[in-house]
There are 2 protein chains.
Amino acid sequence: MKPTVHDIAAHAGVSLATVDRVLNRRPGVSISTREKVDRAVSELGFVRDVGAANLAKGRVYPLTFIIPSNDNSFMRGLRHALDEAKASSVLERTAIRLVDVPAFDAVALARALDEAVADAPAGIAFVAVDAPDVLAAAERVVAQGIPLVTLVSDLSGAARDHYAGIDNAAAGRTAASLLGRFLGGQAGKVAVLAGSMLVRDHRERCDAFSDAMVRNFPKAQLLPVLEGRDDPGTVEQIIGALFADHADIVGIYSLGAGNRGLVRALEGVAEDKRPVVIAHELTETTRAALQSGLIDAVLNQDAGHEVRSAIRVLKAKADGLPVIAAQERIRIDIFLKDNLP
Amino acid sequence: MKPTVHDIAAHAGVSLATVDRVLNRRPGVSISTREKVDRAVSELGFVRDVGAANLAKGRVYPLTFIIPSNDNSFMRGLRHALDEAKASSVLERTAIRLVDVPAFDAVALARALDEAVADAPAGIAFVAVDAPDVLAAAERVVAQGIPLVTLVSDLSGAARDHYAGIDNAAAGRTAASLLGRFLGGQAGKVAVLAGSMLVRDHRERCDAFSDAMVRNFPKAQLLPVLEGRDDPGTVEQIIGALFADHADIVGIYSLGAGNRGLVRALEGVAEDKRPVVIAHELTETTRAALQSGLIDAVLNQDAGHEVRSAIRVLKAKADGLPVIAAQERIRIDIFLKDNLP
DNA sequence: CAAATTCTGATTTACGTACCTCAAGAACTG
DNA sequence: CAGTTCTTGAGGTACGTAAATCAGAATTTG
């Protein structure tokens, strides 16, 4: 049967207290004794029973999540994922605190980070705005020794322990491949609709998409990037104007949120003139648009996965444990109308 | 703080022993007392500490997995996922036993099921061959009260508790959409390559693909289904013959395994004559073919997810707990060369 | 009404680990 | 050599739950 600390003690010929000191890196053990214990651990294949350990420790991990108070479906999904994480927080021994900040507001975000530090949580996760103020605040967090994880959108510069989000360049390339191939060699104008070039995820998607389009589908003519602030109203207006200005739009890549406005604008386009549309995030809106054919493909990041990954990483970092990068990679889901969950 | 059994006892005005009897469905509690305890549980929001419970129980779940001894990358991946599950079995309190059976052999599979029952495991998972012998054996398993889960390929008839695998009809439809749209209206012949029509997953993919192609892309001419037995050698030969017989193959849907043979055959086709190819399962072979452009898209099911889901479900069923279906749904991953992990 | 049965309480042990205290021996220090 | 520090052992308590025993109380049965 599964070896216990008692078995380790017996096998190493030391007392339980010494085994405990070694396992929990407490001081007061000579190097030779430490090695004896380590040898016994590996020889018997001892694995600490996490359940029992948590039970004994009674430890809880107070975690702070800083989320933009942006009212779009994706952020609501993220909130929902956090609520679920809260619901199971008892079992996970986490105490999750949610902090709202205005969207795309570097100063407010930096202040929120500084305030979060004051509570001395076991870790902080936040949706980054890629700006100097935020970077400086992040560095203060890290300087306090508090594990810091960026969520959904990353921060340039190394002032964070981990990024829990998708590879946005890959997402942009994938969108280009799908759009290009769905066009089937057709020539025409392709529009890119972003939320804000201030956030790194949008910038990366946009750059990778443009790059891949130019390289692989030269027949498509890329229009200048549109910024919709992830707001449905703004988006509807921008896209409406787009179709008014250009008669030959054959493709749209919507890489941010606010797709409710996009769909409303698309509904006004004659069926035979509808462009190929690739959007991000599977929501009620994009799901319905996929099914009705207004949107052709949706790239999605699973907010639940991102939140759970962030929590796992923060807990691991708080305990000084290594993170298995491969296990924490967030996948890019591709949805067509045929494989909707 | 998190309520414990002691809090429940105090709040309900009963003893700890009675709370325990109610929580663990032991006899000897009157209906009124049971209700008092239940009320206290819901009022205080008590959640049993699974770690502590497992610790106290010292329970282990002996699980039997019956896997075809088919030597292709996907089955190797499945085995690898099972090895990983075994590695963490100590923490999960599972004891996983692997049983090999010849591939596509209903009689051998039925016998393996009967033999597995003899060990009285806490649950059995198996890759189904959809045949009457197997169904009868499955019914015997269920009759013994042993939780039974089909893995990867399902069994017709209701003789199982759960299916841990993808929606294969959705996969077939998705393949049709991708293939059809990548063709861009081009006319020509489309071939379907399966492993064996004896397994339900292949049959479902094939039917859904054919149906969707006929309906949505009538210009494509579907050829009769080819069966490659999931064997690279056989597949190479079949596909070689296919190109020899037909000059205008524009698309191939490979819905089974043995893609090494497919890729070798494709390498022999002149670049300007290469068809659009959609394959299943991300392996070393398909990954390389995606990157080199021989394969255009790969639909994937994550064997690790399937194994972990099967284990979760079997444990839950063994304890008589409900399964949250939405949480156990296995997603269909779509990989292009751009979003490879 | 006594006897049998059902229900409930009180108490104990165990699971594997963490963490604490106290004591004693070993190995240094000056 | 006395004093100090370091190392180790022994033992206990705690975490939240499961499971068992035994004794009494309440209820039903004949």
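If you're wondering where the values come from, they're calculated on a predicted model, not measured in any experiment. Proteins get letters first, then strands, A, B, ... in listed order; numbering begins at 1 in each.
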Nearest to the side chain of [X] - [options]?
{"X": "B:N24", "options": "C:dT17, C:dC15, D:dA18", "result": "D:dA18"}
{"X": "B:K57", "options": "C:dC19, D:dA18, C:dT17", "result": "D:dA18"}
{"X": "A:A52", "options": "D:dG16, C:dG16, D:dA19", "result": "C:dG16"}
{"X": "B:R26", "options": "D:dA19, C:dG16, D:dT17", "result": "D:dA19"}

5′-ward residue of the pair B:R93/B:V29 relative to DNA chain C: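 The answer here is B:V29.
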Counting distance only, does the side-chain N/O of [X] pair as donor-acceptor with the main-chain N or O of [Y] below 3.5 Å?
{"X": "A:D154", "Y": "A:Y163", "value": "no"}
{"X": "A:T64", "Y": "A:I124", "value": "no"}
{"X": "B:D130", "Y": "B:R200", "value": "no"}

Sugar-phosphate only, base, or nothing, as touched by B:D20 at under 4.0 Å among non-hydrogen atoms: base
Sugar-phosphate, base or nothing in reach of A:G28, heavy atoms under 4.0 Å: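 If one applies the 4.0 Å heavy-atom cut-off, A:G28 turns out to touch a base.
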Under 3.5 Å side-chain donor-acceptor pair for A:D201 and A:S153: yes
Short side-chain donor-acceptor distance under 3.5 Å, B:N24 and B:R48: yes
How long is the line joining [atom1] of [X] and [atom2] of [N], in whole Å?
{"X": "B:L55", "N": "C:dA18", "atom1": "CG", "atom2": "C1'", "result": "13 Å"}
{"X": "A:D7", "N": "C:dC15", "atom1": "CG", "atom2": "P", "result": "12 Å"}
{"X": "A:I8", "N": "C:dA18", "atom1": "CD1", "atom2": "C1'", "result": "16 Å"}
{"X": "A:D49", "N": "C:dC15", "atom1": "CG", "atom2": "P", "result": "13 Å"}
{"X": "B:L23", "N": "D:dA18", "atom1": "CG", "atom2": "P", "result": "6 Å"}
{"X": "B:I31", "N": "C:dC7", "atom1": "CD1", "atom2": "C1'", "result": "12 Å"}
{"X": "A:R59", "N": "C:dA18", "atom1": "CZ", "atom2": "C1'", "result": "13 Å"}

D:dA18 OP1/OP2 closer than 4.0 Å to side-chain N/O of B:R48: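 Result: yes.
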Short heteroatom pairs, N/O only, protein and nucleotides 9-12 of chain C, under 3.5 Å:
from, atom 1, to, atom 2, distance (Å)
C:dG9, OP2, B:S15, N, 2.8
C:dG9, OP2, B:S15, OG, 3.3
C:dG9, OP2, B:T18, OG1, 2.6
C:dG9, N7, B:R21, NH2, 2.9

Worked verdict on B:I146 versus B:V117 for side-chain contact (heavy atoms from CB on, under 4.5 Å): CA-CA 8 Å; B:I146 298 176; B:V117 170; 4.1 Å; yes
Ring-face cation of B:R76 near B:F74 (centre distance under 6.0 Å, axis angle within 45°):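 Verdict for B:F74: no cation-pi partner in B:R76.
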